[in-house]
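In listed order, ligands and their atoms are each counted from 1. For the single chain, residues carry numbers from 1 onward in sequence order.
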Amino acid sequence: MTVRRVGSEERLTTSFPLQAYAFEGSPRSVERAKEFREYLPYNEGNRTLVVEEAGETRAAVSAIPMRENLRGRVLPMAGVAGVVTHPLARWQGHVRTLLHQLLDEMRDEGHQLTALWPFRPSFYGRFGYVGLPLRRTVSLPVADLAPLLRADLPGEVGWERIGAGYPAWHEFTERCLRERHGFALFPDYRAVALRDRNERWLVTARVGGTVTGAATYRIDEHGGTLAADDLLATDPYARSLLLQFFARHIDQVATVRFDVPADEVPELWLTDLEVHVQARVARPGSSAPMARLLAVDALTGLPVGPARVRVELTGDRWLAGVYLLDGTTGALELARAGAGGAPSATLTAAGLSGLAYGVLDPVEVHLRGLGDVPADAGAELRRLFPRRLPYLFADF
Ligand SMILES: CC(C)(COP(=O)(O)OP(=O)(O)OC[C@H]1O[C@@H](n2cnc3c(N)ncnc32)[C@H](O)[C@@H]1OP(=O)(O)O)[C@@H](O)C(=O)NCCC(=O)NCCS
């Protein structure tokens, strides 16, 4: 058995066929294999590792070099995708071997975070990942947006196909990356797939020429649904401009649908709004994302609350060690800790990641078996890492 990195063209005969078997209906026509070539440019800079036995590909994993905002700092993040083992080679440890090597290499290249969309969270829990919230899908009758039609809102709306509007979209998502906790973006070679497919409309809210909100969308049919992807808005004015634009479809579609971050509360946006908000997590088809720290250095300099705590990080290939987390200046300082001094907790990688990403309270870390957190250390950790819901945005 050998593990090796495959280059661009080699994906056509190694990782892509395995991925198609695992994630698509099959068997497909031979024409399908010809389409693989079209995906190559969007995988160009990915790191793909495969296990081979007797010249046959038995398993594959890939990492996309992405960037993610962690509590205000943008850090390199390894987006793990295309995790697959040949049906005759499953349960033999291939993915364990590949994931370890993949994350070792991505970490060596400076990726301090990693995220993925799991088929089963407990599988990736073994690798130190912790759950993040799933975006909410909002559906509402377009007629209920009618009160917005005559609202006088500051700013204007831009409308075009994504193929034409891509530069404005790209610039705006870069702003979201800088400003929104948890927000992650693809590298350019992958992000441009949206532009190249050109299968979406783009609506933007603008104030003085600056984009303050945006959504890509499709309309399925007359009298049907205006289905948007993520409704991105930097403030309620931008959100209202986008909703006002949707309201203009009042005699064209029946329903408007879009996704929002988990901390949005659409039922408070308008009076008499009939709204359905859903997050559905199911195995294996519909998962919430997961993430973890790949290097403790990801914490250095993070804006945090004023607290000090000693943490022993256990059972992890990438994070193990004893550290003093010192937030007394407001920017986290990290030092190798000696004994004594600050209150002390023991954390797994998932436990520390849950705190840093703002998704778990120290008590929950303890309850979930992700650490041993005495009350005094819990109080310090809660002050250091206040709850803050991340919004991953990228889907991969
Ligand atoms: C899921 C999949 C990738 C696992 O690959 P694999 O090579 O069989 O995994 P490994 O043998 O390396 O298993 C790693 C660990 O997970 C366990 N495991 C394997 N498959 C599992 C499953 N389906 N559910 C839960 N645990 C599983 C193994 O027992 C092993 O645990 P251990 O290290 O504590 O002994 C493979 O079954 C597959 O290709 N499935 C279809 C595609 C898919 O769902 N991919 C994941 C997309 S996110």
Side-chain angles (χ1 to χ4, degrees), residues 1-6 11 13-28 32 36 39 42-43 46-54 56-66 68 77-106 111 113-135 184 186 190 280-292 294 314-320 348-351 353 368-370 392-396:
M1 177 191 114
T2 54
V3 173
R4 71 180 182 97
R5 182 175 181 182
V6 292
R11 291 193 175 99
T13 51
T14 57
S15 55
F16 282 6
L18 274 190
Q19 282 170 234
Y21 180 80
F23 304 122
E24 297 179 12
S26 65
R28 296 278 286 259
R32 175 74 188 118
F36 289 165
Y39 305 144
Y42 309 119
N43 287 264
N46 295 0
R47 178 174 292 266
T48 298
L49 302 181
V50 298
V51 166
E52 287 173 336
E53 275 171 341
E56 296 282 329
T57 310
R58 306 310 269 173
V61 294
S62 294
I64 311 165
M66 300 177 66
E68 186 179 17
M77 181 270 269
V80 172
V83 177
V84 58
T85 299
H86 189 289
L88 295 178
R90 291 177 185 170
W91 298 87
Q92 294 172 21
H94 290 327
V95 158
R96 173 167 286 279
T97 304
L98 285 176
L99 261 188
H100 280 167
Q101 185 167 330
L102 184 75
L103 294 177
D104 282 351
E105 292 179 11
M106 293 305 281
H111 294 87
L113 306 173
T114 169
L116 50 77
W117 292 81
F119 72 104
R120 175 188 281 268
S122 58
F123 180 85
Y124 292 102
R126 297 162 194 260
F127 296 92
Y129 287 83
V130 70
L132 302 187
L134 183 57
R135 51 162 75 84
F186 288 131
R190 168 73 179 260
R280 182 172 174 276
V281 175
R283 286 194 312 270
S286 170
S287 61
M290 300 180 86
R292 58 160 292 165
L294 207 44
T314 57
D316 191 69
R317 184 179 176 91
W318 299 286
L319 302 187
T348 63
S353 301
R368 297 272 298 271
L370 302 177
L392 186 65
F393 174 68
D395 220 329
F396 48 95

Trainee: State, without any angle test, whether Thr85 and Arg58 hold a side-chain donor-acceptor pair at a distance under 3.5 Å.
Mentor: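 The answer is no; no qualifying pair exists.
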Trainee: Have a look at ligand 1 and work out which part of Trp117, if any, has a heavy atom under 4.0 Å from it: side chain, backbone, both or neither.
Mentor: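 Under 4.0 Å from ligand 1, Trp117 contributes backbone atoms alone.
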Trainee: State whether the shortest distance between N or O atoms of Phe119 and N or O atoms of ligand 1 falls below 3.5 angstrom.
Mentor: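 No.
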Trainee: Considering His94, Arg120, Arg283, Arg90, which one's heavy-atom position lies nearest to atom 25 (C) of ligand 1?
Mentor: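 That would be Arg120.
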Trainee: Which residue and atom name correspond to the protein heavy atom nearest atom 15 (C) of ligand 1, and how close is it?
Mentor: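 Checking every protein heavy atom, the shortest distance to atom 15 (C) of ligand 1 gives Phe123 CE1, 3.9 Å.
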Trainee: Considering only non-hydrogen protein atoms, determine which one is nearest to atom 11 (O) of ligand 1 and report residue, atom name and distance to 0.1 Å.
Mentor: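 Ranked first by proximity to atom 11 (O) of ligand 1 is Gly93 N, 2.7 Å.
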Trainee: In terms of residue, atom name and distance, what is the protein heavy atom nearest to atom 9 (O) of ligand 1?
Mentor: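 The protein heavy atom lying closest is Val95 CB, 3.8 Å.
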Trainee: Should one rank Arg96, His100, Gln19, His86 by closest heavy-atom distance to atom 12 (O) of ligand 1, which comes out on top?
Mentor: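 The nearest heavy atom belongs to Arg96.
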Trainee: Can you tell me which residue and heavy atom of the protein come closest to atom 39 (O) of ligand 1, and the distance to 0.1 Å?
Mentor: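 Of every protein heavy atom, Thr85 N, 2.8 Å lies nearest to atom 39 (O) of ligand 1.
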Trainee: Give the residue and atom name of whichever protein heavy atom lies nearest to atom 45 (N) of ligand 1, and the separation in Å to one decimal.
Mentor: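 Looking only at protein heavy atoms, the one closest to atom 45 (N) of ligand 1 is Val83 O, 2.8 Å.
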Trainee: Using heavy atoms and a threshold below 4.0 Å, how should the contact between Tyr124 and ligand 1 be classified: side chain, backbone, both, or neither?
Mentor: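 Looking at Tyr124 and ligand 1, just side chain atoms fall under 4.0 Å.
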Trainee: Can you confirm, on distance only, whether ligand 1 has an N/O atom lying under 3.5 Å from any N/O atom belonging to Gln92?
Mentor: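 N/O-N/O distance below 3.5 Å exists for this pair.
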Trainee: State whether Glu105 and Arg47 are salt-bridged, where the test is any N-O pair (Lys NZ or Arg NE/NH1/NH2 against Asp/Glu carboxylate O) under 4.0 Å.
Mentor: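 Yes, this pair counts.
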Trainee: Any idea which protein heavy atom is nearest atom 8 (O) of ligand 1, and the distance to it?
Mentor: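 Ranked first by proximity to atom 8 (O) of ligand 1 is Trp91 N, 2.6 Å.
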Trainee: Cation over ring, Arg96 on Phe127, under 6.0 Å and within 45°?
Mentor: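 That pair qualifies as a cation-pi contact.
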Trainee: What protein heavy atom sits nearest atom 42 (C) of ligand 1, and how far away is it?
Mentor: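 Sorting protein heavy atoms by distance from atom 42 (C) of ligand 1 puts Ala22 CB, 3.6 Å first.
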Trainee: In terms of residue, atom name and distance, what is the protein heavy atom nearest to atom 30 (C) of ligand 1?
Mentor: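 Its nearest protein heavy-atom neighbour is Arg126 NH1, 4.1 Å.
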Trainee: So, Thr57 and Thr14: side-chain donor and acceptor under 3.5 Å apart, yes or no?
Mentor: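 No.
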